[in-house]
Amino acid sequence: MLCRVGQIRRCAASLSQTLNQVAASRQKHTLPDLTYDYGALEPHINAEIMQLHHSKHHATYVNNLNVTEEKYKEALAKGDVTAQVALQPALKFNGGGHINHTIFWTNLSPNGGGEPQGELMEAIKRDFGSFQKMKEKMSAATVAVQGSGWGWLGYEKESGRLRIAACANQDPLQGSTGLIPLLGIDVWEHAYYLQYKNVRPDYVKAIWNVISWENVSERLQTAKK
């Protein structure tokens, strides 16, 4: 019996050491590269906006997320629940900012615009009546975001339907609503102010010209698996 207890303790110690090694070797989050130049989305989104948005704003979310995760790991190791709770807003904000922007860059393309094809188009017609009605509904929800936030086209796995939602600040769609994100429109002012000033509707209207429906379609296929 004592022999078995000793074995269990050794296994537990070995498992704990392995978990600590995995945690220590975890790759830090990094800023994803764009597949197009900063000026590639002009005239709809200018190069200055893209450069600042990607290399400054998104990079800040990534850096702050890494710092917050290190602090959270330390709090876990110490069993400091108060510190863990206090770090939750920073994890949500910076983690959401990283998740949202990583999706956003791939949703855009210099070869974008037009209309989706195939299964995505059929799903849009089924759930919204027409592509134009979906655009109008999503545009209205996105423009109506109070302060800063995002407009989203998401997939509801339980019903197999497409849904439109808006999230405040950097709240991630899936973590906030359960919807799987397919297409996001960033309406923080840093996404458009240098070009469109305070006329958010003009920016939202223009961004449809650079939406990569191929990327949105791929996301739908992945979400349905």
Side-chain angles (χ1 to χ4, degrees), residues 36 40-50 52-54 57-58 96-97 99-156 159-220 223:
Y36 43 84
L41 304 182
E42 291 186 340
H44 310 292
I45 306 177
N46 70 35
E48 184 181 13
I49 287 175
M50 289 297 295
L52 289 170
H53 198 173
H54 178 256
H57 291 282
H58 189 175
I99 290 169
N100 294 341
H101 284 88
T102 299
I103 295 169
F104 183 61
W105 307 130
T106 64
N107 279 165
L108 305 178
S109 169
N111 300 314
E115 298 186 355
Q117 304 295 321
E119 191 173 352
L120 174 59
M121 182 59 122
E122 292 305 311
I124 288 172
K125 289 179 179 178
R126 179 197 66 205
D127 296 334
F128 301 103
S130 70
F131 175 64
Q132 185 61 33
K133 287 180 180 179
M134 185 279 293
K135 279 181 63 177
E136 290 172 356
K137 185 174 182 179
M138 185 170 174
S139 294
T142 304
V143 169
V145 170
Q146 294 185 342
S148 301
W150 293 72
W152 290 99
L153 176 67
Y155 177 71
E156 188 176 60
S159 65
R161 297 277 179 169
L162 303 181
R163 306 292 186 203
I164 287 169
C167 292
N169 300 313
Q170 294 295 353
D171 293 0
L173 181 68
Q174 192 164 1
S176 301
T177 68
L179 298 174
I180 300 172
L182 305 179
L183 169 63
I185 300 178
D186 185 354
V187 285
W188 279 66
E189 284 192 341
H190 62 236
Y192 63 88
Y193 196 85
L194 288 176
Q195 184 172 357
Y196 293 95
K197 304 303 185 233
N198 64 334
V199 190
R200 182 185 285 178
D202 285 356
Y203 157 71
V204 172
K205 181 180 179 180
I207 203 170
W208 293 104
N209 293 302
V210 288
I211 296 299
S212 172
W213 292 113
E214 181 179 355
N215 179 262
V216 180
S217 294
E218 290 171 356
R219 290 183 178 280
L220 176 61

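Given the structure is predicted, the values throughout are model-derived calculations rather than measurements.
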Quick check: Trp188 with His101 (ring centres under 6.0 Å apart)?
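Centroid separation for His101 and Trp188: 6.0 Å or greater.
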When the ring centroid of Trp152 is compared with that of Phe104, is the distance short of 6.0 Å?
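Ring-ring flag for Trp152/Phe104: false, centres at least 6.0 Å apart.
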Take the angle between the ring planes of His190 and His57 and call it parallel below 30°, perpendicular above 60°, tilted in between.
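His190 and His57: parallel rings.
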Determine, for Glu156 against Arg161, whether the closest basic-nitrogen to carboxylate-oxygen distance falls under 4.0 angstrom.
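Salt bridge absent between Glu156 and Arg161.
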Side chains of Tyr203 and Thr142 in contact at under 4.5 Å (non-hydrogen atoms)
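Not in contact.
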Is there a side-chain contact between Ile185 and Trp208, using heavy atoms and a 4.5 Å cut-off?
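The answer is yes, as the side chains (C-beta and beyond) meet within the 4.5 Å cut-off.
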Evaluate side chain to side chain contact (heavy atoms under 4.5 Å, CB included) for Leu179 paired with Tyr155, printing each intermediate quantity in order.
CA-CA 5 Å; Leu179 298 174; Tyr155 177 71; over 6 Å; no
Looking at every non-hydrogen atom in both residues, tell me the closest pair between Met134 and Ile124 and how far apart they are.
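That closest heavy-atom pairing would be CB-CG2, 3.7 Å.
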Name all pairs fulfilling the salt bridge (charged side-chain N to carboxylate O under 4.0 Å, His left out) condition that reach into residues 178-192, sequence neighbours left out, sorted by first residue then second.
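Residue pairs passing salt bridge (charged side-chain N to carboxylate O under 4.0 Å, His left out), neighbours aside: none found.
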Set of ring-ring contact (aromatic ring centres under 6.0 Å, His included) partners for His44, sequence neighbours left out
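His44 satisfies ring-ring contact (aromatic ring centres under 6.0 Å, His included) with no other residue.
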Option passing side chain to side chain donor-acceptor pair (under 3.5 Å) with Trp105 (candidates His58, His53, His54):
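Of all the options given, the one that passes is His58.
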Would you kindly say whether Arg219 and Thr106 are connected by a side-chain donor-acceptor distance under 3.5 Å?
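The answer is yes; a qualifying pair exists.
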Could you walk me through whether Leu173 and Asn100 pass side chain to side chain contact (heavy atoms under 4.5 Å, CB included), step by step?
CA-CA 8 Å; Leu173 181 68; Asn100 294 341; 5.7 Å; no
